[in-house]
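Note sheet for the following structure.
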Amino acid sequence: MNLVLNDDQRMIREEAARLLSQRSSSERVRQVVDEGRGHDEGLWKTVSAELGWCAMAIPEAYGGLGLGPTELILLMEAVGQRLAALPLWSSACAAAPLLAAVGKDEAKAVLLARIAAGDAATVAWGDIGSIDPLTTPGFSARRDGDNYVLDGRAEQVPDLVAAQIVLVPASLDDRLALFQLPAGSADIRLLGTLDGTRQIGSLTMDNVVLPGSSRVDAHGFTADTADPALAIAQLGLAAEQVGAARGVMDLTLDYIASRVQFGRTIASFQAVKHRCAALEVDLAEARALLYGAAANFGGADIQEQRLEIASARALASDLLFRAAEESIQLHGGVGFTWEYDPHLYFKRAQASAVMLGSAGAQRARIAETLLESEASR
């Protein structure tokens, strides 16, 4: 497998990094956090409507660029590195792949085109912390003539308030159905969160009547049908975590190179060098696994793909936590003050680690897959 990026991919990575270094600076990130919205509207308009980041992996037939998971994770890595407050993961890694996997043709033609053009979108997973959120959706639906009646609650929906397109998976009879939520039809509330760089909202529906046209799936689906979409969501989240680990390591290296103790920069101390070198090795391992999983996405061996993605998420979650923890330690007494950035990355590490399955849940999936494979021999 060739993991070397081609010229176009390198350009995507470099231009994304250049833009976000200017538009998602430390000062701007803090401003967004202070505003309490977890969403940088101006930057989002630039990257979604003007630069087409959401269109990256959407098929050309629906107004996208028709590129693949590798290009998408390069953008997510850049977003994570700068903690950019953008609904990119929700739109491009969660909502768009779910529509592509289970949506009916008419709905895909309209909604995927809207996402590609820059409309923010999200999915109201019943339990954002579950590694298989569609096995227990937070909403149920029943038919009422030509309409549907929905009940349920999603406690934590990423980018809910920012989204122009809200997709709601719900149980219907013995299968799942997917609905697009019309504006103003449900109780939506913005939540205060640990990680101020990612917007989270709650969605409550109590006997909400939706027109038949709001159903956007093709005759029902199962959790297995949506598995490729969830795999993209996991990959995008892992890329964001790897990028955030790179970001917090960079600011740590800059700090220890200038902090003088006992007449020397602390970067010259052997113990500090060893700790930083260990993190760099772990980062290289996590990134290689992430790029390999993206390059191999959609291959014939579904079990191998499942193992690679679960491994990438487990490594990325652990890496980001350790990198943020080491950053706080190496910054010394100022490490968790508002004026320095490590605490922002530490909060992202804590919050993202429980999205779509913790590192422990990912390892349990790996063990389950290996055991099933061994038992089938």
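Position 1 is the first residue of the sequence, and the numbers go up from there. The structure displayed is predicted, hence computed values, not measured ones. Any value given below was found using the heavy atoms of this structure, including those in side chains, with hydrogens, waters and symmetry copies removed.
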Quick one: does [X]'s side chain get under 4.5 Å of [Y]'s, heavy atoms only?
X      : Y      : result
Pro87  : Trp44  : yes
Ile128 : Leu356 : yes
Asp250 : Gln81  : yes
Leu319 : Leu283 : yes
Leu210 : Val168 : no
Leu111 : Tyr62  : no
Val32  : His39  : no
Leu86  : Ser24  : no

If you count heavy atoms of other groups shown closer than 6.0 angstrom to [atom1] of [X], is the number above 12?
X      : atom1 : answer
Asp34  : CG    : yes
Lys45  : NZ    : no
Gln270 : CD    : no
Asp146 : CG    : no

Check step by step if side-chain contact (heavy atoms from CB on, under 4.5 Å) holds for Val242 and Leu315. CA-CA 9 Å; Val242 169; Leu315 280 179; over 6 Å; no

Between Arg153 and Asp187, is the side-chain contact (heavy atoms from CB on, under 4.5 Å) condition met? List the steps. CA-CA 9 Å; Arg153 179 177 173 83; Asp187 182 13; 5.7 Å; no

Can you name the residues that form a salt bridge (Lys or Arg N to Asp or Glu O under 4.0 Å) with [X], not counting sequence neighbours?
X      : result
Glu326 : Arg275
Asp132 : Arg365
Asp127 : none

[X] side chain vs [Y] backbone, donor-acceptor pair below 3.5 Å:
X      : Y      : result
Trp125 : Ala154 : no
Gln9   : Asn6   : yes
Thr265 : Ser258 : no
Glu71  : Gly68  : yes
Gln199 : Leu190 : no
Ser317 : Ala314 : no
Arg246 : Ala78  : no
Ser358 : Val354 : no

So does Glu15 pair up with Arg18, basic N to acidic O under 4.0 Å? yes

Could you label the plane-to-plane angle of the His331 and Tyr340 rings as parallel, tilted or perpendicular, counting under 30° as parallel and over 60° as perpendicular? perpendicular

For the residue pair Phe346 and Phe321, categorise the inter-ring angle as parallel (less than 30°), tilted (30 to 60°) or perpendicular (more than 60°). tilted

Can you see which heavy atom on Arg189 is nearest to which on Val161, and at what distance? C-CG2, 4.5 Å

Check the pair Gln31, Arg28 against side-chain hydrogen bond (donor to acceptor under 3.5 Å, both in side chains), reporting the backbone distance first and the verdict last. CA-CA 5 Å; Gln31 184 180 353; Arg28 179 54 186 159; 3.1 Å; yes

Pair Arg198-Glu240, side-chain contact (heavy atoms from CB on, under 4.5 Å): steps then yes or no: CA-CA 12 Å; Arg198 170 171 275 134; Glu240 184 185 86; 2.6 Å; yes

Going through the checks in order, is the side-chain contact (heavy atoms from CB on, under 4.5 Å) test met by Leu330 and Cys276? CA-CA 10 Å; Leu330 293 174; Cys276 294; 4.0 Å; yes

Please tell me whether Asp195 and Thr197 have a donor and an acceptor in their side chains that are separated by less than 3.5 angstrom. yes

